[in-house]
There are 2 protein chains.
Amino acid sequence: MVRPTMEDVALRAGVSRALVSLVMRNSPKVSEARRAAVLKAAEELGYSPHAMARSLASRTSTVLGVMVSDLHNAFFAEVVDGIDEVAREQGFDIIINTGGRSPARERRALESLLSFRPAGLILLSPVVPATAISKAAEQLPIVLVARSSRVSTVDTINDDGEQGARLAVDHLVSLGHKRIAHLDGGEGTQAGPRRRGYVTAMEAHGLVPQVVSSEYTDAAGARAIRRLISDGTLPTAILSCNDFNAVGAISALEDAGLRVPADVSVVGYDNTSLAALRHVSLTTIDQPRAEFGRLAALALLQRVRDGRTEPVRHLLNPSLVVRNTTAPPATSRRSSGSPLLPAAEGDSAGSGSRTADFQAKSPERRSRDH
Amino acid sequence: MVRPTMEDVALRAGVSRALVSLVMRNSPKVSEARRAAVLKAAEELGYSPHAMARSLASRTSTVLGVMVSDLHNAFFAEVVDGIDEVAREQGFDIIINTGGRSPARERRALESLLSFRPAGLILLSPVVPATAISKAAEQLPIVLVARSSRVSTVDTINDDGEQGARLAVDHLVSLGHKRIAHLDGGEGTQAGPRRRGYVTAMEAHGLVPQVVSSEYTDAAGARAIRRLISDGTLPTAILSCNDFNAVGAISALEDAGLRVPADVSVVGYDNTSLAALRHVSLTTIDQPRAEFGRLAALALLQRVRDGRTEPVRHLLNPSLVVRNTTAPPATSRRSSGSPLLPAAEGDSAGSGSRTADFQAKSPERRSRDH
DNA sequence: TCTATTGGTTGGAGCGCTCTAATGCTGTAG
DNA sequence: CTACAGCATTAGAGCGCTCCAACCAATAGA
C-alpha cells in the first residue's frame, strides 16, 4: 500500500533525485545510459510519479476539470469524448465531477474541482448563477459549453439553435406542411434560440407560428399533444424542443389513433441515441457534440498554454437528420380521408428505409487489431 | 489568477500558519476569538484550501476515484449518484474518469486516477484485465461494480443475474407462455449469470430452453428476431439480455407485422430510462443501481477508514417491472389465429395501461422550495 | 512559593516533487 | 599546461499544507 518515491528510484539507480525528475519529464539533457538505468529502476519498483506533488512543485497542472451538469444525459457523454480526445493528445488528463442539475450540488462540484487547481475548467451546461462562474474565472480559464455568457474572461461553445430550428421548419415546409407547431422548451437551456428560429423561419415562409408551451421531457411532449387534440388545434407537423419531448409527442399521437408520419410528422432536436433506435427512428436536428468537446478543450488549452485573453465565441452549425417520422402531410396525398383511420397495412417500404438508416448509423465495431 | 495561501490568511488575521490550518480543519482546540478572526480574513481574501497540498502533507486523501467504463450508458450515471450521495455525506469528494470501454483507454484512465492518490477506487464494469486490477489493489482499496473478481483485496458489488432471469421467466410462465427464447448477451458483462438463470428457470418449469446468440445492441436484437422468424422457430415470448436488445427485437417483430405483446411478449433487462419511456413501456428487470453506488462507496470507506481487510461480496436482488410488452400468449386466448395477422384495431385498454404505468414512474418534479 | 496541569498557540520539519544555480567533467583552443 | 566552453549532473530551496513537539500563559494543587 505504499508507493515508492523518486528518492527510492534515485537510490536504486545510483543517481540523484533531480536526475530522476528529468528522466520522468523526459528531458533531452540526460545521457542515454542514465536514462536507461533510471527507467529500469522505476520499472522494477513499480514507480509512477505523484501527480499532486508534481503539480504543487511546478505550480502548473496538466489536469482539465470538467463539470457535467447531468451524467444521465448521453449528450454530455459525447462532449466529454471530444474533450478527452484533445486533452489526451495534448498530454492533459481530465477529471470529471457532476452537479446533477442542482445549483447547490453544482456549486459544491465546482469547489471540489477548483480545489485540485486544474489548469482550466470546462462547464457543460451549468446551472450555477453567472456570478459563481465569473468568480471562478478570476482564478483559472473557463470554457462554457451549451450555455452563453457575456463575461469576457470565459469562452463559450454553443450550437446555433436558431439555425437548427430553421432547418427543421424548412424540411417540413418542403414536404408540403403549412401548419407546424413548436413544442417549446420553456426554461430549458437553448429553448430561446430554438423558439426564435422557429418563429422567424415560419414567418419567412409566410406561415403562422404556433408555439405551444412544453418542457424537455416525454411526459410534457405527450401532455402538449393531448392539449392540442382536445383544443382541436392539432397541426400536420410538430417541431419538438428535444428528442425526449418528441418521443412523448409520438406516443400521445399514436394513443389517439394517429399515425406518425402518415397523419402527423414529428421532428426532434439533439439526435440522441434514442432518436437513432430503429424503433423510434426520429427525424431530428443533430448537434456536433464531439466537436463541442474538441473546441472546448482547444479553447481552454489556448488560454492555458498560449496565454490567449480575448474571449472566443463558437456557434456551431447543427444539421438535419431525416429518418422516418416526417412525410408529406396527409391532405397533400389524399383529399380528406379521416386522419383517424390507420393507414394501409404492410408498409414494407417504411420498414425498409428504417433499416437502411439504422445501418448507416450502426455502431463502430471493435477493431480486431487491439 | 493567483490564489491566496494560508500564509496570507495568517498574516492578515495576525496568527500563525498552523493556527489557520487548525481552523480550516475546524479543530476544537481553537479559541472562538481566533477562529472568527481567521475565518474573517479567509473570507476577505477569498481563500480556500489547496486540496493537493493538503493531501500531500497529510498523506491522506478525501477523494474517491471512480472509473466509469462507459459514460454513454445511463446505467452508470445512477450508480454514480449513489456513490456521490454517500461520499458527500461522509465528507469525501469524487473524481471521475472514463475508459470508453477500451482496455487501453481504461488503463490510462486508471493511471490518471491513481496519480491523484485517492483514498480508494471504484471501478464500474471495467474491461481492463484482472491483473491490472489486482496490481492497483496493492496500492489502494478497490471496489468493483458489475464485475466479479476473486482477488481477496477487492470488494465486489453485483446484481444477481440468475435471479433476475428467473423472475422474468416466472413472469412469462405465469402468463401462460411455454415457448420462451433468450436472446443471449454473448461476451457482455453479466451475460453468463442471466443465461444460466434463464436455463435453470426454464428447466424448473419443465420447459425447453432456447438460447439464441445475440448482443447488447438493438441491431443485434433485431437480427436475432429476423433469424428466428426465417427459421420458423419464433416462440411466444422473448427474454432479451438487456433493454436495448429488447427494443431492437420489438422493432423487428413489428416490422414483420407481429404485435407486441398481443402476438409476442418481450422482456428486457436493466430498466434503463429507455424502458420507462411511454413509447417503449418495456417490461424489464430492474437493478438497484443507486444502491450499487451506495454500497460501493460504503465498502470503500470501510476499508479506508475502518481498516477492513476481508473482502465483501454483495449480490443484490433485482426486481421485475411489469409494463406493456408482456401479455398472455395469443394461443391461450384464441385457438390458432395466424400470428402474422395484426390484432384488432383500437386497443384503447392497452394505451390506458401505458399511461397508468407512465404516471407511476413519472419523474420527480422540481421542488418549489428550492 | 513552586511545580503540575491544561488549553491555546506556534516554529519547524517534511510530504514528493520541480527548478535554479552551482558543480564536476570532459574536450578543445590558446 | 592553463583557460574556457559545453554538457551532464546535483544540492538545495521551496510549492502549500499538516503534524509534532515545544512553548506559553493561566489556573490548580501541594
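Throughout, protein chains are lettered first and strands after them, A, B, ... in sequence-line order, and every chain is numbered starting at 1. Model, not experiment: these values are computed from the prediction.
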Do any N or O atoms from the side chain of B:S115 and from the backbone of A:H50 form a donor-acceptor pair under 3.5 angstrom?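 Not at all, since once roles are kept as given, no pair shorter than 3.5 Å links the two residues.
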Identify the pairs formed between an N or O of the protein and an N or O of nucleotides 19-21 of chain C at a distance under 3.5 Å, and give each distance.
residue, atom, partner, partner atom, Å
C:dC19, OP2, A:R25, NH1, 2.6

Between [atom2] of [N] and [atom1] of [X], the distance in whole Å:
| X | N | atom1 | atom2 | answer |
| --- | --- | --- | --- | --- |
| B:L56 | D:dG14 | CG | P | 17 Å |
| B:M52 | D:dG16 | CE | P | 13 Å |
| B:D8 | D:dC15 | CG | P | 11 Å |
| A:R3 | C:dG16 | CZ | P | 12 Å |
| B:E32 | C:dG8 | CD | P | 10 Å |
| A:L45 | C:dG16 | CG | C1' | 15 Å |
| B:R35 | C:dG7 | CZ | P | 15 Å |
| B:M24 | D:dC17 | CE | C1' | 12 Å |

Side chains of A:R108 and A:S112: donor-acceptor distance under 3.5 Å anywhere?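 The criterion, which ignores hydrogens and geometry beyond distance, is not satisfied for A:S112 and A:R108.
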In terms of side-chain heavy atoms, does A:R147 have a donor or acceptor partner in A:S125 at a distance below 3.5 Å?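 Distance-only check fails for A:R147 and A:S125.
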In terms of side-chain heavy atoms of B:T5, which of C:dT18, D:dG16, D:dT18 is nearest?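 Of the candidates, D:dG16 comes closest.
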State which residue, out of A:R35, A:K29, A:R34, fulfils the salt bridge (charged side-chain N to carboxylate O under 4.0 Å, His left out) condition with A:E32.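 Option passing the salt bridge (charged side-chain N to carboxylate O under 4.0 Å, His left out) with A:E32: A:R35.
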List the steps, then state whether side chain to side chain contact (heavy atoms under 4.5 Å, CB included) holds for A:M52 with A:F116. CA-CA 8 Å; A:M52 294 194 173; A:F116 285 98; 3.8 Å; yes
May I have the step-by-step check of side chain to side chain contact (heavy atoms under 4.5 Å, CB included) for A:R3 and A:Y47, ending in yes or no? CA-CA 7 Å; A:R3 299 191 71 160; A:Y47 170 81; over 6 Å; no
Applying the side chain to side chain contact (heavy atoms under 4.5 Å, CB included) criterion to A:E291, which one of A:R289, A:R294, A:Q287 satisfies it?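 Passing option: A:R294.
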Could you check B:G14 against B:A53 and say which one's nearest nucleotide on DNA chain C is further toward the 5' end?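 It is B:G14 whose nearest nucleotide is closer to the 5' end.
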N/O to N/O distances under 3.5 Å, protein versus nucleotides 4-9 of chain D:
residue, atom, partner, partner atom, Å
D:dT9, OP1, A:S31, OG, 3.0
D:dT9, OP1, A:R34, NE, 2.9
D:dT9, OP2, A:S31, N, 3.0
D:dT9, OP2, A:S31, OG, 3.4

Evaluate the criterion side chain to side chain contact (heavy atoms under 4.5 Å, CB included) for residue pair A:L121 and A:L110; output intermediate values, then yes/no. CA-CA 9 Å; A:L121 229 45; A:L110 203 59; 3.8 Å; yes
Step by step, would you call B:K40 with B:E44 a salt bridge (charged side-chain N to carboxylate O under 4.0 Å, His left out)? CA-CA 6 Å; B:K40 181 160 168 287; B:E44 288 167 357; 3.1 Å; yes
